[in-house]
Number of protein chains: 2
Amino acid sequence: MTAATHSQTERAIELFHALSDETRLEIIELLRKGERCVCELTDTLDAAQSRLSFHLRVLKDAGIVRDRKDGRWVHYELDPEVFEEVEALISAMKPLAVSRSEACCA
Amino acid sequence: MTAATHSQTERAIELFHALSDETRLEIIELLRKGERCVCELTDTLDAAQSRLSFHLRVLKDAGIVRDRKDGRWVHYELDPEVFEEVEALISAMKPLAVSRSEACCA
DNA sequence: GTCTCCGAACAATATTTATTGATGCGTCGG
DNA sequence: CCGACGCATCAATAAATATTGTTCGGAGAC
């Protein structure tokens, strides 16, 4: 369900899109220091709960964060593996060390 | 003008946003093999010229591609340095190897 | 059970972003 | 000079995303 419907390109779009939002980058910055519950994120980021819930879902769907239920709280933490994946995607974009190609129209 | 108004976070948003679009990723994939003029991109991607021009501008503003005027043609190529920058941004997001923090609310 | 709290999900709206077609500017060929 | 070409830019529209307030379900406290 997570895979198979995802081409490499679609996966890249999903990941980069998830990373291209200020609120979500702030969440990531907070989670670098360790697991946090939603309530603490709303306090720290001074954001409405429904808004954070939305952004956390984007991050979770992209595989950037994981959640863990604990009683009535939900704790989120970064998934370290996803960053390797992003790095691989970036590497796959780097220019090939190829001799200057023919000018296409000169 | 390009800098100084950009915080680290704003820069990350700009870069990841530029990378989170299918057309733009296709452009990047084509440019990996070397410089291309707009006319060739429109042919290969079968996209309207004004549309490509728009996306090329997004990529250029983000510093992902460079353009070079040559008579009436404009050639675009990847800027290799930007990928190092993206990698640095990713590294700066990785979880800190820190002991499990206190549960915030348990 | 009932009440309260935490958080997800929904619906309506606001805001951004992308697409399309038209226009304009510079360059080359005649 | 004139016409064709290559590309950027603009204006209008379409489409995708985000925000807000509300509702709903699960989990503890009593």
Side-chain angles (χ1 to χ4, degrees), chain A residues 9-10 12-28 30-31 35-77 102-106, chain B residues 1-2 9-10 12-28 30-31 35-77 102-106:
Chain A
T9 299
E10 284 169 338
I13 293 170
E14 180 179 39
L15 275 171
F16 291 131
H17 171 257
L19 294 173
S20 65
D21 176 271
E22 178 167 20
T23 302
R24 294 194 286 269
L25 290 182
E26 286 173 350
I27 292 173
I28 291 174
L30 277 176
L31 295 185
E35 194 182 66
R36 293 289 183 275
C37 73
V38 178
C39 58
E40 190 171 8
L41 295 174
T42 53
D43 285 353
T44 309
L45 298 176
D46 192 35
Q49 180 268 322
S50 64
R51 195 174 141 221
L52 273 197
S53 193
F54 168 77
H55 289 295
L56 284 166
R57 188 176 214 296
V58 173
L59 289 172
K60 183 182 166 189
D61 286 350
I64 296 172
V65 303
R66 284 193 290 247
D67 60 349
R68 174 176 72 83
K69 289 211 64 171
D70 174 28
R72 40 181 168 175
W73 290 279
V74 179
H75 298 263
Y76 282 88
E77 68 175 351
E102 303 295 312
C104 64
C105 40
Chain B
M1 180 152 302
T2 315
T9 299
E10 284 168 338
I13 293 171
E14 179 179 41
L15 275 172
F16 291 132
H17 170 257
L19 293 173
S20 67
D21 177 271
E22 179 167 20
T23 302
R24 294 194 284 268
L25 289 181
E26 286 173 350
I27 292 173
I28 290 174
L30 277 176
L31 295 185
E35 193 182 67
R36 292 289 184 274
C37 71
V38 179
C39 57
E40 191 171 7
L41 296 174
T42 54
D43 285 353
T44 309
L45 298 176
D46 193 34
Q49 179 267 320
S50 64
R51 194 175 140 222
L52 274 198
S53 195
F54 169 77
H55 289 294
L56 284 167
R57 188 178 215 294
V58 174
L59 289 172
K60 183 182 165 189
D61 286 349
I64 295 171
V65 302
R66 285 193 288 246
D67 60 352
R68 174 176 72 83
K69 289 211 64 172
D70 175 29
R72 40 183 168 174
W73 289 280
V74 178
H75 298 263
Y76 282 88
E77 68 176 350
E102 302 293 312
C104 62
C105 40

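Numbers restart at 1 for each chain; the letters A, B, ... are given by sequence-line order, proteins then strands.
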Answer yes or no: does a side-chain N or O of A:Arg57 lie under 4.0 Å from OP1 or OP2 of C:dG7?
no
Closer to the 5' end of DNA chain D via nearest nucleotide, is it A:Gly71 or A:Gln49?
A:Gln49
Once rounded to the nearest 0.5 Å, what's the spacing between atom CD of A:Glu10 and atom CD of A:Glu14?
9.0 Å
What is the distance, to the nearest angstrom, from the CD atom on A:Glu14 to the P atom on D:dA16?
17 Å
d(CZ, A:Arg68; P, D:dG26) in whole Å:
20 Å
Residue B:Arg72, side-chain heavy atoms: nucleotide from D:dC7, C:dG29, C:dA8 that is nearest
C:dG29
Looking at side-chain heavy atoms only, is the closest gap between B:His17 and B:Arg24 below 4.5 Å?
yes
Atom-pair distance (CH2 on B:Trp73; C1' on D:dC5), nearest Å
8 Å
So, is A:His17 near the phosphate of D:dA18, with a side-chain N or O under 4.0 Å from OP1 or OP2?
yes
Straight-line distance of B:Ile27 CD1 to B:Tyr76 OH, nearest 0.5 Å:
9.0 Å
So does B:Tyr76 get a side-chain nitrogen or oxygen closer than 4.0 Å to the phosphate oxygens (OP1/OP2) of D:dG6?
no
Under 4.0 Å from OP1 or OP2 of D:dT19: is there any side-chain N or O of A:Arg51 that close?
yes
Grab the NZ-C1' distance between A:Lys69 and C:dA8 for me, whole Å please.
9 Å
Distance in angstrom units between B:Phe16 CZ and D:dT17 P, rounded:
18 Å
Could you tell me whether the phosphate oxygens of C:dA8, OP1 or OP2, come under 4.0 Å of any side-chain nitrogen or oxygen in A:His55?
no
B:Leu56 CG to D:dC7 C1', in whole Å, measures 10 Å
Does the side chain of B:His75 get closer than 4.0 angstrom to OP1 or OP2 of D:dC7 through an N or O atom?
no
Which nucleotide, C:dA8, C:dT19, D:dA29, lies nearest any side-chain atom of B:Phe54?
C:dT19
A:Asp21 has a side chain; which of D:dA18, D:dC7, C:dA8 sits nearest to it?
D:dA18
Show, in sequence, the C-alpha distance, side-chain angles and deciding distance for A:Ile28 and A:Leu19, and conclude whether the side-chain contact (heavy atoms from CB on, under 4.5 Å) test is met.
CA-CA 9 Å; A:Ile28 291 174; A:Leu19 294 173; 3.5 Å; yes
Whole angstrom is fine here: how far is it from CG in A:Asp70 over to C1' in D:dA27?
11 Å
Given B:Arg68, B:Lys60, B:Arg36, B:Arg66, the one that forms salt bridge (Lys or Arg N to Asp or Glu O under 4.0 Å) with B:Glu77:
B:Arg66
Using whole Å, what does the distance between atom C1' of nucleotide C:dG7 and atom NZ of A:Lys60 come to?
11 Å
